[in-house]
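Worksheet: the structure to be examined is printed underneath.
The model shown is predicted, which means the values in this text are computed figures rather than measured ones.
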Amino acid sequence: MGCLMSQASGDGSVATELVARSNRLGADPRNTNYAGGNTSAKGTALDPVTQLPIELLWVKGSGGDLGTLTEAGLAVLRLDRLRALVDVYPGVDREDEMVAAFDFCLHGKGGAAPSIDTAMHGLVEADHVDHLHPDSGIAVATAADGEALTKQIFGSRVAWVPWRRPGFQLGLDIAEVRRSNPDAIGVILGGHGITAWGATSDQSEANSLSIIRTAERYIAEYGKAEPFGAELPDHRPLSEQERRARAAALGPVIRGLASTDRAQVGHFTDSAEVLDFLSRERHPELAALGTSCPDHFLRTKVRPMVLDLPPTAALDQVVDRLRELHTAYREAYRAYYERYADDSTPPMRGADPAIVLVPGVGMFSFGANKQTARVAGEFYVNAINVMRGAEAISTYAPIDEREKFRIEYWELEEAKLRRMPKPKPLATRVAFVTGAGSGIGRAIAHRLAAEGACVVVADRDEESARNVAEEIGSTDTAIAVTADVTDGIAVAAAFREAVVAFGGVDLIVNNAGLSISKSLLETTEDDWDLQHDVMAKGSFLVSREAARIMTEQQMGGDIVYISSKNSLFAGPNNVAYGAAKADQAHQVRLLAAELGEHGIRVNGVNPDGVVRGSGIFAGGWGAQRAAVYGVPEAELGAYYAQRTLLKLEVLPDHVANAVFVLTGGELSHTTGLHIPVDAGVAAAFLR
């Protein structure tokens, strides 16, 4: 039993070596796409029951990514039981049943769920097997004369396997090719990718890389110079600044269209590969053929939506045309579904495009979260590279539409979707939080991200905003923008960054603020102007820009004002701050009345006494208020707590909780409301 544990957990084991090989292969996008392909290794261990040696297969489990694979992501199966399935295999018409049978071949507890490709790895007679999706390999696999090209490029070292949907029969086919071609190092899988093998882990990796690099060199040496055709002069890319501006202008419209069936997060790509493809005369024809590798079209749908106007077209004309194309796309997708669906087909998942191509500007990709949207875009770049390679040496000929449908609506894929965890309450929503570099804003940004939102951390202090965004996570979850809310141009620029990053915005928190505690006679015009500029004017500018984007998206939205107990309560030495907060409080009511017809809800939170963790109190307000009340500054939080009905201190997290309650879905029919978060201040009760 001790030997088995050593084998399964690492310490120089087969599994450790397999993970290292997988990580090396997966780290280079030339070798395989994100989460694409799988690797395996065979070895022996002691059976913990009989203490006799048994043969095991370690294979990357379902849904994992080679570049980030760990041993926990491996499925471990008994090889004798897996190979015994050949004797009970009911035939290709019932091959999906074999996936459930893999569970009865598992060895030990834990580990990942076996993937559909497990049979390929177990049945091929080689100790180490790699199945990958390299652009160069798929270019050969999708060439019209792929079989002849495989022989021409590789000779007898690599065999051709005609297209077959991944599954048990494909494993049998590759195993037979391996037996019939003992000198072969691997195969090209028609329309799909490559599989290579070796007696050792190093040999398998070397054989995989040999196939990939040989295909790359052949395409580079013998391929046509302009496989996508001549450049269209009126489709040349705009300058980077112009591209970003046009992407920001179009992003909310496109995201709204792509979210007709269900809300989506967006990603924008203006890479050289995308811009070159869209500048060439054959891009409409090739895009219409769709992608081929199953990993590609499962993420990108069978084909993208392509704008058929040049980048210099007027914005209004482009928006009108996008709406027309979207209607046509949905009709075509529904027809595609109805063409091939039968009584056993899962319901249609949605008819909106996952990829939208805009010549001269770039590519918009969409998904249930930022990572999914980004990866969908990466996959379409893979598809462009595949088309370029196939057209350079032959003619691009992806698998036919019926086969794509069989995989897109495969019951095994549907089962994988059903196993996904329930989305968090704010999944697909993009939040823009001002003053988020510290205090209450930081707490709100963290809470919204924890509930599934993508968060734009906006603050005039660039370093503080960046630190909070990095605390939250990667740029798939949060980005930092510098925003002086008193400057309309700066506010618009910050929102453009948000749109380019995530496709749009859905949830705005007007939190930026400051306070200067002075008596009426001591309050200067500058004191008054500064506080009104940041809170009253700043909230107005942010809300105005947000409302423009939200109305273009047509997805509704939330605007939340962090006002104050002082918007209602009249206290001493507080005229400028209290008046600015009262302005914010009435903006809530005014905007709720105006924006309701667009499905935009506007609500407010009225905190009080948030001393600990508060940027305002740390910036001098605490000392000033402590002096007003005649208590030491260190005891100001406790002082505020004692004057409340609940005798509780209010913290930034409590304000963040209220923001989530207002935006998390349970108060979907509430607008124009102010929630007090003050532990109970009777003088500030709403009347």
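The closest side-chain donor-acceptor pair between S204 and H128, if any, does not fall under 3.5 angstrom.
Here E408 pairs with nothing under the salt bridge (Lys or Arg N to Asp or Glu O under 4.0 Å) rule; sequence neighbours left out. Here E55 pairs with T44, L79 under the side chain to side chain contact (heavy atoms under 4.5 Å, CB included) rule; sequence neighbours left out.
Under 4.0 Å is where a charged nitrogen must lie from a carboxylate oxygen, and between E378 and R374 at least one such pair does. Salt-bridge annotation for D352 and R330: present, with a side-chain N of the basic residue lying under 4.0 Å from a carboxylate O of the acidic one. Using a 4.0 Å cut-off between a side-chain N of Lys or Arg and a carboxylate O of Asp or Glu, D653 and R447 do not qualify as a salt bridge. For the pair K404 and E401, the salt-bridge criterion is not met [side-chain N within less than 4.0 Å of a carboxylate O]. Salt bridge present: D173 and R164 bring a charged side-chain N and a carboxylate O closer than 4.0 Å. Between R402 and D400, no side-chain nitrogen of the basic residue sits less than 4.0 Å from a carboxylate oxygen of the acidic one, so the salt-bridge criterion is not met. Taking 4.0 Å as the cut-off between side-chain N and carboxylate O, D28 and R213 count as a salt-bridged pair. Salt bridge absent: R165 and E403 never bring a charged side-chain N and a carboxylate O closer than 4.0 Å. Between K60 and D65 no salt bridge is recorded (no basic side-chain N to carboxylate O distance below 4.0 Å). Under 4.0 Å is where a charged nitrogen must lie from a carboxylate oxygen, and between R429 and E451 no such pair does. A salt bridge does not link D261 with R349: none of the charged nitrogens is closer than 4.0 Å to a carboxylate oxygen.
Taken from OG1 in T477 to CD in E470, the straight-line distance is 12.5 Å, to the nearest 0.5 Å. Rounded to the nearest 0.5 angstrom, L18 CG and W58 CH2 are separated by 9.5 Å. Rounding to the nearest 0.5 angstrom, the gap separating the CZ atom in F379 from the CZ atom in R299 is 4.5 Å. Taken to the nearest 0.5 Å, the CG atom of L426 stands 5.0 Å off from the OG1 atom of T663. Rounded to the nearest 0.5 Å, atoms CD1 (I153) and CD1 (I219) are 7.0 Å apart.
Put simply, the residue from R83, K42, R178, R179 that forms a salt bridge (Lys or Arg N to Asp or Glu O under 4.0 Å) with E125 is R179.
Taking the six-membered ring for Trp and the full ring otherwise, the centers of Y337 and F405 sit less than 6.0 Å from each other.
Within 6.0 Å of CG in D343 there are 12 or fewer heavy atoms belonging to other residues, nucleotides or ligands.
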